[in-house]
Protein chains: 4
Amino acid sequence: MKAAIIGGTGYGAIELVRLIEKHPYIEVGTIVSNSQAGTNFSTVYPHLSGIKEIPLESFDAKGLSENNEIVFLATPSGVSSKLVPELLETGIKCIDLSGDFRLRSKNDYETWYKKTPADEQYLQHAVYGLSEIYPEKIKTAQLIANPGCYPTAATLGLLPILKTSLADSKTIIIDAKSGVSGAGRGLSLTSHYAEINENIRAYKLGAHQHIPEIEQTLSDESKTPITVTFTTHLVPMTRGIMCTTYVNLKESSSTEEVHELYEEFYKNKPFVRVRPIGSTPSTKEVAGTNYCDIGLHVDQRTRRLTIVSVIDNLVKGASGQAIQNLNMMNGWDERTGLYDIPMYP
Amino acid sequence: MKAAIIGGTGYGAIELVRLIEKHPYIEVGTIVSNSQAGTNFSTVYPHLSGIKEIPLESFDAKGLSENNEIVFLATPSGVSSKLVPELLETGIKCIDLSGDFRLRSKNDYETWYKKTPADEQYLQHAVYGLSEIYPEKIKTAQLIANPGCYPTAATLGLLPILKTSLADSKTIIIDAKSGVSGAGRGLSLTSHYAEINENIRAYKLGAHQHIPEIEQTLSDESKTPITVTFTTHLVPMTRGIMCTTYVNLKESSSTEEVHELYEEFYKNKPFVRVRPIGSTPSTKEVAGTNYCDIGLHVDQRTRRLTIVSVIDNLVKGASGQAIQNLNMMNGWDERTGLYDIPMYP
Amino acid sequence: MKAAIIGGTGYGAIELVRLIEKHPYIEVGTIVSNSQAGTNFSTVYPHLSGIKEIPLESFDAKGLSENNEIVFLATPSGVSSKLVPELLETGIKCIDLSGDFRLRSKNDYETWYKKTPADEQYLQHAVYGLSEIYPEKIKTAQLIANPGCYPTAATLGLLPILKTSLADSKTIIIDAKSGVSGAGRGLSLTSHYAEINENIRAYKLGAHQHIPEIEQTLSDESKTPITVTFTTHLVPMTRGIMCTTYVNLKESSSTEEVHELYEEFYKNKPFVRVRPIGSTPSTKEVAGTNYCDIGLHVDQRTRRLTIVSVIDNLVKGASGQAIQNLNMMNGWDERTGLYDIPMYP
Amino acid sequence: MKAAIIGGTGYGAIELVRLIEKHPYIEVGTIVSNSQAGTNFSTVYPHLSGIKEIPLESFDAKGLSENNEIVFLATPSGVSSKLVPELLETGIKCIDLSGDFRLRSKNDYETWYKKTPADEQYLQHAVYGLSEIYPEKIKTAQLIANPGCYPTAATLGLLPILKTSLADSKTIIIDAKSGVSGAGRGLSLTSHYAEINENIRAYKLGAHQHIPEIEQTLSDESKTPITVTFTTHLVPMTRGIMCTTYVNLKESSSTEEVHELYEEFYKNKPFVRVRPIGSTPSTKEVAGTNYCDIGLHVDQRTRRLTIVSVIDNLVKGASGQAIQNLNMMNGWDERTGLYDIPMYP
């Protein structure tokens, strides 16, 4: 099966290329980059020298769909919403890594993204691709809205406790830390080496566009409207996201009880590793892989649960989860092509 | 005035040496390191070549007090409690950078430090040296318990709101991030380069020894027993601490109101910079200096205040605050020797 | 086929585990760590949770050889020389990642390693496993002395020009830069985060134990005794080695001519990528993979060739080359299990 | 005395501000930034909040010279050459941190900088401000061409041996490594965090514009035309330059002899620290200061001298040396305002 990648010069795209190369059933068919069409891919990314010596192409929906069976859109927000309708019309399936089809509410999109939302019909059509939570819908989807990096780590960490009566859903605070690759390859002062090295920076307080995405999933799954406090920090590293999440417990509980509940929740989910009690995951421990590792601690003094969830933002937080979704759409084992051991150290 | 430094091979000590060198009224008299007595200081720390060519000495309370007028103890917890009594008896004043004299309760010390506490009389005698909050007591102190790095950033960030009726003191969550130098120069796997580079790690969940220190100050100042959730993270950088602190507001308020309240609280405190609304401090913006910068954001959706406070853990979090306290003890301007502009980038 | 790994708690060993997991024909049989025998491997390395849940074992030559068909020794220098004889006697093949069997001269080993050398018979018996250069000997080897990280990058960069009459072999200078993982997981001040972060350090000037190894290969292949200047630097990164190598040309030449010569030399070597003229490789462009990338520049002004060769020190510089050698020993395609695309960024 | 700074939003400028703040005899009068005129300086650089609350101004030669007694130009190459003539005409002295007045040959400037050179009369007029080497000329200069960062480290490392008959001046190879701040605050992919973190990169092989600057000084001082091989590398750190320099010795010598020669050469130069034999400097050991530290090693096997010289590229490599030159121009102790101890760790 051949896959097309749109947005070929960004980090999402090269991570897709890296992962597809390991996959037994798919290969890269076309890589689209309007800005650099005609250039050899390995000129833009010399680490691909001798491996992917193919030219970047211009966007052409019809051509794409003739040569490929799936399209990954690794485009910025505001771009996918324009390309997807044309692609879907050709009958090809789409997995969109941007935020354009994640929020069902056009209002929310406008408020948080400050851009024109996608058409209503496509928003209703899109399946939110949080693989562990929506496997049935993903199987039959034509259009996957692949989850954001922060929302993946945050919701996988929160859902098991939220779906019990233990959690006080009004008290959720998510303190998130991310490596800099999450901001992409576009130049900006906040990704400038000398500004971010040996530094930690909080940004977009109360204004990050992933807030409504997190709230939508938590509200859907808990069947209550949920509002969260969510703070993002830029950490001097390339890859990795950690969410340290706090939630009050309505009744006294123990780390053991909560831990058991999480193990049960994720028992058949190969990419979520609930860590043994006393073991707290660090981001490097999932580097390069599709794992989401979760550590748990109930503080008896404050009756508060602390959840530490980590992912590689470019894998489980983007391209890896996209492959996992593709596997599920095709009835393959969801681990296909994703068996890697984290690169440590 | 001459100053002695005990614990001469640690990061606290060399930061003291760096700061004392800029100070117009003090100079380094004696540097004590029992483990390396006899060695030249610049052999241990070649960056001092040609600047501080003096031999490290063994501990000798009497000798120290004859040659110096102040002693800084930059020793590990459990050591200061043994040396201070002997030093105080000679009549010399002590500023202790360890945790040994910070907690008034011997029980708390035993519970959290898992070591033998100092004698009751010294614990009662010690003045907690949070410079901005206890200036009067510091002026006349014989023994200063210099605050911990995390507690300095956390309490300076929280006290202005806590001292109003706005804050719901049951909802305090402090999510703290630190550079690796805070762990000192002692070898350990958690300070091993390949383990911490390109990684973020949460540690000591619910068990960090700075918890009771933070709670003691917050409880004292708010006149209510306060329990906090406090989580510490190791970030791949050498210096810097950021506390992202969350507290619910009992009534509706705005960033503007809270900001004004903070500006008022710290109006005569030269080392606390309350940032303009919309500006969130990053750790590099205080690097090498005694500043504590504070950013504020009230989220109307959740009626929660987010406070971002940053310090250089080795300066305001240790040696710089020790100098600031010394200045106050001597009736000098508290800024003496501490006027530096942050080293940016 | 099952493989045993000795030295199971070091970085060489976990990188072997990561690579073996991708390999279609081998799997990990036994992991030996005398210091932590009985401990679960995933307790030492939590990134292996749920993936390699096997206990570490004590060394037992007989047991090992019954359960495995190959042994990788990822042990420190001075240890392999003691274990290998016993292992070879059982008939099992050994690939030693340490320096114990690389130097044919016992004198050289004593001079540079300051330890007792291995027995003469084993030194003569060992095949130096520089895969691209000694494929025939490797195929039939019982004992492979897997090359050092620096020597791999240095000799692969130098050999093509050295084997012509162009190079003035008296003028070789190798300026090498390495990430910190090369020093292993053992604690030391030079791997202490706060000492190496935001720092570059030259070390062991004229005294690095890889000097005689490099000289041995260069002398063998050029059939002249060669002495080199070789300087090592520690760079604040985890993985990666770059050798910037300088050699005078006896006659005028051009980058084009030299480039052609290198392309010819490595034309059937899938893991050596001679970069197009004008493209200089960086270490991240081979991260996590077995590639050695080479960039070339002839400076007409000085008639000097500059060679930039990069590898991932833990892959092509250690465990990856070990797998490549195993592939060759078994008649498999040398790329088996090693097809990865570099992890970029 | 008041000083004007042109190019106010770059790293050179903020380092000048930091250093001037410590200086007893000068203060910042005017900060010029045409691109951001009118903006408050602390809005561009929040680390200056409450310290330098002054607006950035447009360039106005006449106004500048009325309010200030010295001008520092921290402008890009190609800009200073246009502003300096106008400034000198007002009678004010200029210290130019760019490359515009360093090369006496207009041809060389055009060849290496690929820009229009400054007018001949100004090139002849300018004094090359390598403080340790040209103190007499600096004292009476109207226009200082402040040396480049790499040339400062390289020439201070080489001159003592070059001025003897020992060095074979045809064999000089300078392998230079720099932190990323040297590339300034302008956005570019080579300063993009995710591209340079966990990476080392060689760049501009044989083409760096500092080559003719180094050769000019070495040729002047040795009274022979000298051609060097000079390679630059970008290292994942913010500050610091290390030059590892190789030169063949014409006769047999020892580290001791060479070391004595260097100590003699720099005996009255407070900012050059020749390290004891066996001690090799690292960049962090001079961080934030005006020191140039030099380590030496003679390899008997190859009769080659290795010189390791390190500086902070923003201090001795730019703004610090500019202040040192200003001190000398005014007859002040050259250390005035520059006494700092390196910030370690």
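A, B, ... follow the sequence lines: proteins, then strands. Residue 1 opens every chain. Quantities reported herein were computed from a predicted structural model and do not represent experimental measurements.
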**Q** Salt bridge (charged side-chain N to carboxylate O under 4.0 Å, His left out) with D/Asp293: which of D/Lys316, D/Lys284, D/Arg275?
**A**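 The option that passes is D/Arg275.
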**Q** Exactly one of D/Lys177, D/Arg239, D/Met237 should register a side chain to side chain contact (heavy atoms under 4.5 Å, CB included) with D/Thr283. Which one does?
**A**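 Testing each of D/Lys177, D/Arg239, D/Met237 against D/Thr283, the sole residue satisfying side chain to side chain contact (heavy atoms under 4.5 Å, CB included) is D/Met237.
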**Q** Find the one option among D/Pro236, D/Ser181, D/Ala183, D/Gly184 whose heavy-atom pairs under 4.5 Å with chain A are most numerous.
**A** D/Pro236
**Q** Which one, D/Ile196, D/Leu189, D/Thr190, leads in non-hydrogen pairs under 4.5 Å with chain A?
**A**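 Looking at each option in turn, the highest pair count goes to D/Leu189.
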**Q** What part of D/Arg185 lies closer than 4.5 angstrom to a heavy atom of chain A: side chain, backbone, both or neither?
**A**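 For D/Arg185, the contact with chain A is made by backbone and side chain together.
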**Q** Between A/Ser188 and chain D, which part of the residue has a heavy atom less than 4.5 Å away: side chain, backbone, both or neither?
**A**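 Looking at A/Ser188, just its backbone touches chain D.
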**Q** Going by side chain to side chain contact (heavy atoms under 4.5 Å, CB included), D/Leu156 matches just one of D/Pro147, D/Ser131, D/Cys292. Which one?
**A**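 Of all the options given, the one that passes is D/Cys292.
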**Q** Under 3.5 Å, is there a donor-acceptor pair linking the side chains of A/Ser178 and A/Asn313?
**A** no
